[in-house]
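Quick notes on the structure that follows.
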Amino acid sequence: MPHIYSEKDLDFILYDMLDTEGLLKTERYAEHSREAFNQILETSTRMAEDLYQPHAAKVDANEPEFDGEKVTIIPEVKEALDAYREAGFPGALFPFEQGGMQLPVTIAQASGFIFGAANVSTAGYAMLSLGAANLISSFGSQAQQDRFLSQMIEGRFFGTMCLSEPQAGSSLSDIRTKAVPQEDGTYAITGTKMWISGGEHDMSENIIHMVMAKIEGAPAGAKGISLFIVPKIMVKEDGTLGKRNDVKLAGLNHKMGYRGTVNTFLSFGEEGGAVGYLVGEPNKGLAYMFQMMNEARIGVGLGATSLGYTGYLHSLDYAKGRPQGRLIDGKDPTTPMVPIIEHADIKRLMMQQKSYVEGALHLCLYAARLVDDIATCEDAADRKDMELLLDLLTPVVKSWPSEFCLEANKLAIQVHGGYGYTREYPVERFYRDNRLNPIHEGTHGIQGLDILGRKVSMANGRAVELLIERMTKTIVAAKAEATLSAHATALEEAVGVLVSTTQTLLGAAMQGDVARAFANATLYLDAFGHVVLAWFWLQQALKAQEKLAHGADGDDAAFYAGKQAACTYFMRYELPKAVSSLHEQAKLDDTCVSADPAIF
Amino acid sequence: MKVLVPVKRVIDYNVKVRVKADQSGVELANVKMSMNPFDEISVEEAIRLKEAGTATEIVVVTVGPQQAQETLRTALAMGADRGIHVKTDAEVEPLAVAKILKAVAGEESPELIIVGKQAIDDDSNQTGQMLSALLGWPQGTFASKVEKDGDKLNVTREIDGGLQTIKLNLPAVVTSDLRLNEPRYASLPNIMKAKKKPIDAKTPEDYSVDLTPRLQVQKVTEPAERQAGIKVETAAELVAKLKEAGVIG
Ligand SMILES: Cc1cc2nc3c(=O)[nH]c(=O)nc-3n(C[C@H](O)[C@H](O)[C@H](O)COP(=O)(O)OP(=O)(O)OC[C@H]3O[C@@H](n4cnc5c(N)ncnc54)[C@H](O)[C@@H]3O)c2cc1C
């Protein structure tokens, strides 16, 4: 069985590419050490291999069931999550004063990557709970934190995010769930929420639902949405549990993948109103949610990367062990068949996967590192800049891995031939699991509108400027290396095309041609992502060059040569796709946008 | 009861070991290293004894290079109380380790020393037995169960015919076998606490132990590759083949 991820690559990205050790110099992370980081990743790896991976196929084949009373999930999921809690992971990111471990986001995300690579749907519960806890920690009152958050940090309460409704998914401004103020200061919540992950189970003592609802009389649209804490079981002021709240499970959704993460249709207030506690101020719900989005979306991108990465390693293992056919230039039938990794087309499938998954890992952890930099930056102007950069990159971090690591999963199946299409091998499951990622947390299409409609123009384009500044540094350094200068030039030209296409599109939008300007926003996002990924690959190749020049040998030399090869592949085969797409987009073509629905 | 647990830094059990090109040993450069799995079991057992109120303090000791400190840190993160690092870059053989451990035991006066039955790098299976002989303490090797019984220790041993339980006087040396327990994961809070736990830095000279190897490695080679098997049709053919191979007379 292959490893679920590459420790060597994670180490390379964390320490050689992102200087995670540099965080130790900040006051916030001074208590930590590289040794402690490694031990945490070691514990993550062991638990992932011992407790998460072994039931990944089983929970896929035995999805959660609801008999009208109770949800049943195979016991291995709870066992894994119990061990996760006992090891202290739920509190990893929270400050010491709150009973947490004050771990850098970079390391916590790297740990999440490991668990995701082993079993993404069991790992999902922790991610959801963290998202809910983050909201309460950032915007909840002290009383709410005392009552709910501490038990979430301990891992005894899980959490959910209740945004979507049957009639309102992408368009959250159209939600209907209602909140009516009560005399005791609480709100009575009524309505239905669709797609709620982790919405009902008894693997935790309680479930804290973070519910988006509209207070009676609130303004229409997104500006009228408020955020509420709605516990499944009421929590008394002393933290002990009371009676059940008016939240009912109406049914389960039966999904293509991510099957271990129970997905629910929840009904609030069938008996008059579920008790809800307003978080922060009224009508600020969506704004609060968006402030938490960056981190949650790094988690989605990284989850997609976990699946792509582990699929890559599984297909690599298979390609080395499967003899089939003979080389095209040596077809003597009396010679033994060669392992398929010898075939050019399999090498191409491997190279494409490698360039996607290793690049995506760098992208996601880079974003995580930005979150840490923002949290530790003492200079307000620098901090503002990094916030802009993170805001700009967030749709890429969410969407690029979701699209291209899913593509990697498709290629991993291809490497397996017919065997990959069976349930005897896990690669088809990775594909099905990963297929969720372009859909939830803002669909691929919505992310396209976000980057082109909002992000590239915010602060007068300052974010794009900052990104180009950082890219230029790499380009300049790479130009000085004989082996990389052609790649540096290719990236420089691609950045030029990206900038000019962006100007053309935004210019058209300003002149009122909004429909055509944003018609290909999703393709724009993909191309933007490819240019960013080319930058990450150039950075990796530069570092590899440096290591080789310093005499890396043996396995190390092969590792760095692999980085250079993947960079070359990406520059020659992938980046041109983006450049050509950007050229097309700049033509403001309306083939799709002007199509009358009647023609389909 | 104070418990002493020696731990060794070895090639990680997941790594495919490769022989060095010059056949002088196995490749250690850039290879993932971790705590010998049997030592993890020993540390776990000591922690369980402490949790049960039987042990009062757990001291972990390692003999090895600077990086062996990480191995101590791992033991501390599991729950050991403090560490002793006997630093050396030399190749150490079981006898030298046993001598150092004897000296450490002289200073620390533990009532129990739990040694892994063997280290997965050289598979010697000697240190615990040598240590017991040097100290003149009773030994309970290949333990699958350890229980304090008044001022004695009941040790269940895995032997060829099944299980054997013996009663040892204390102080004693126990060597741990695979089924003794399942080691815990180092939790995040304990990893953080471990950073503050003390590690004493020592050298072999502090204990006046001469590390000079008594054995000389001639050469190290990969195990021969397994030959493909053949299928035989009948029992008679099998017997014939076995005779042919000189396996039976
Ligand atoms: C397994 C799973 C788990 C989920 N977990 C949760 C959860 O825990 N909590 C939660 O609140 N939600 C959850 N969701 C819901 C998820 O976020 C929504 O499915 C998603 O936002 C899309 O909404 P929708 O399904 O209603 O699709 P729609 O919004 O109807 O979209 C259908 C298609 O139309 C496109 N589209 C919609 N509007 C536009 C537009 N303005 N411009 C261009 N294209 C558009 C979309 O991109 C999409 O391709 C989950 C969904 C799934 C499948």
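Convention: sequence-line order gives letters A, B, ...; per-chain numbering from 1.
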_Any heavy-atom pair between the side chains of A:E49 and B:N14 that's under 4.5 Å?_
yes
_More than 12 heavy atoms of other residues, nucleotides or ligands under 6.0 Å from NZ of B:K195: yes or no?_
yes
*From A:Q102 CD over to B:M192 CE, what is the distance, rounded to the nearest 0.5 angstrom?*
8.0 Å
*Heavy-atom neighbours of B:E182 CD exceed 12 at 6.0 Å*: no
*Could you tell me whether A:R34 and B:E70 make a salt bridge, using a distance below 4.0 angstrom between a side-chain N and a carboxylate O?*
no
*Is chain A contacted by the side chain of B:A186, its backbone, both, or neither, given a heavy-atom distance below 4.5 Å?*
both
*asked:* Tell me whether the count of non-hydrogen atoms from other residues, nucleotides or ligands lying under 6.0 Å of CD in B:Q23 goes above 12.
replied: yes
*Quick one: pull up CG in A:D11 and NZ in B:K32 and give me the separation to the nearest 0.5 Å.*
10.5 Å
*Atom CZ of A:R156 with >12 non-hydrogen neighbours under 6.0 angstrom*: yes
*Are there more than 12 heavy atoms of other residues, nucleotides or ligands under 6.0 Å from atom CD of B:Q67?*
yes
*Check whether A:Q39 gets within reach of chain B through its side chain, its backbone, both or neither, counting any heavy atom under 4.5 Å.*
both
*asked:* Atom CD of residue position B:E222 - does it have more than 12 heavy atoms of other residues, nucleotides or ligands inside 6.0 Å?
replied: yes
_I'd like to know whether NZ of B:K145 has more than 12 heavy-atom contacts from other residues, nucleotides or ligands below 6.0 angstrom._
no
*Could you tell me whether the side chain of B:K196 reaches within less than 4.5 Å of the side chain of A:E31, counting heavy atoms only?*
yes
*If you count the non-hydrogen atoms of other residues, nucleotides and ligands that lie under 6.0 Å from NZ in A:K320, is the total more than 12?*
no
*Spacing of A:M101 atom CE and B:I191 atom CD1 [to the nearest 0.5 Å]*: 9.5 Å
*What are the two closest heavy atoms between B:P189 and A:G88, and how far apart are they?*
CD-CA, 4.1 Å
*Under a 4.5 Å cut-off applied to non-hydrogen side-chain atoms, are B:T74 and A:E42 in contact?*
no
*With a 4.5 Å cut-off on heavy-atom pairs, point out which of A:K8, A:E86, A:E7 contacts chain B the most.*
A:E7
*What part of B:R184 is in contact with chain A, defined as an atom under 4.5 angstrom from a non-hydrogen atom: side chain, backbone, both or neither?*
neither
*asked:* To the closest 0.5 Å, what do you measure between CG (B:L188) and OH (A:Y84)?
replied: 9.0 Å
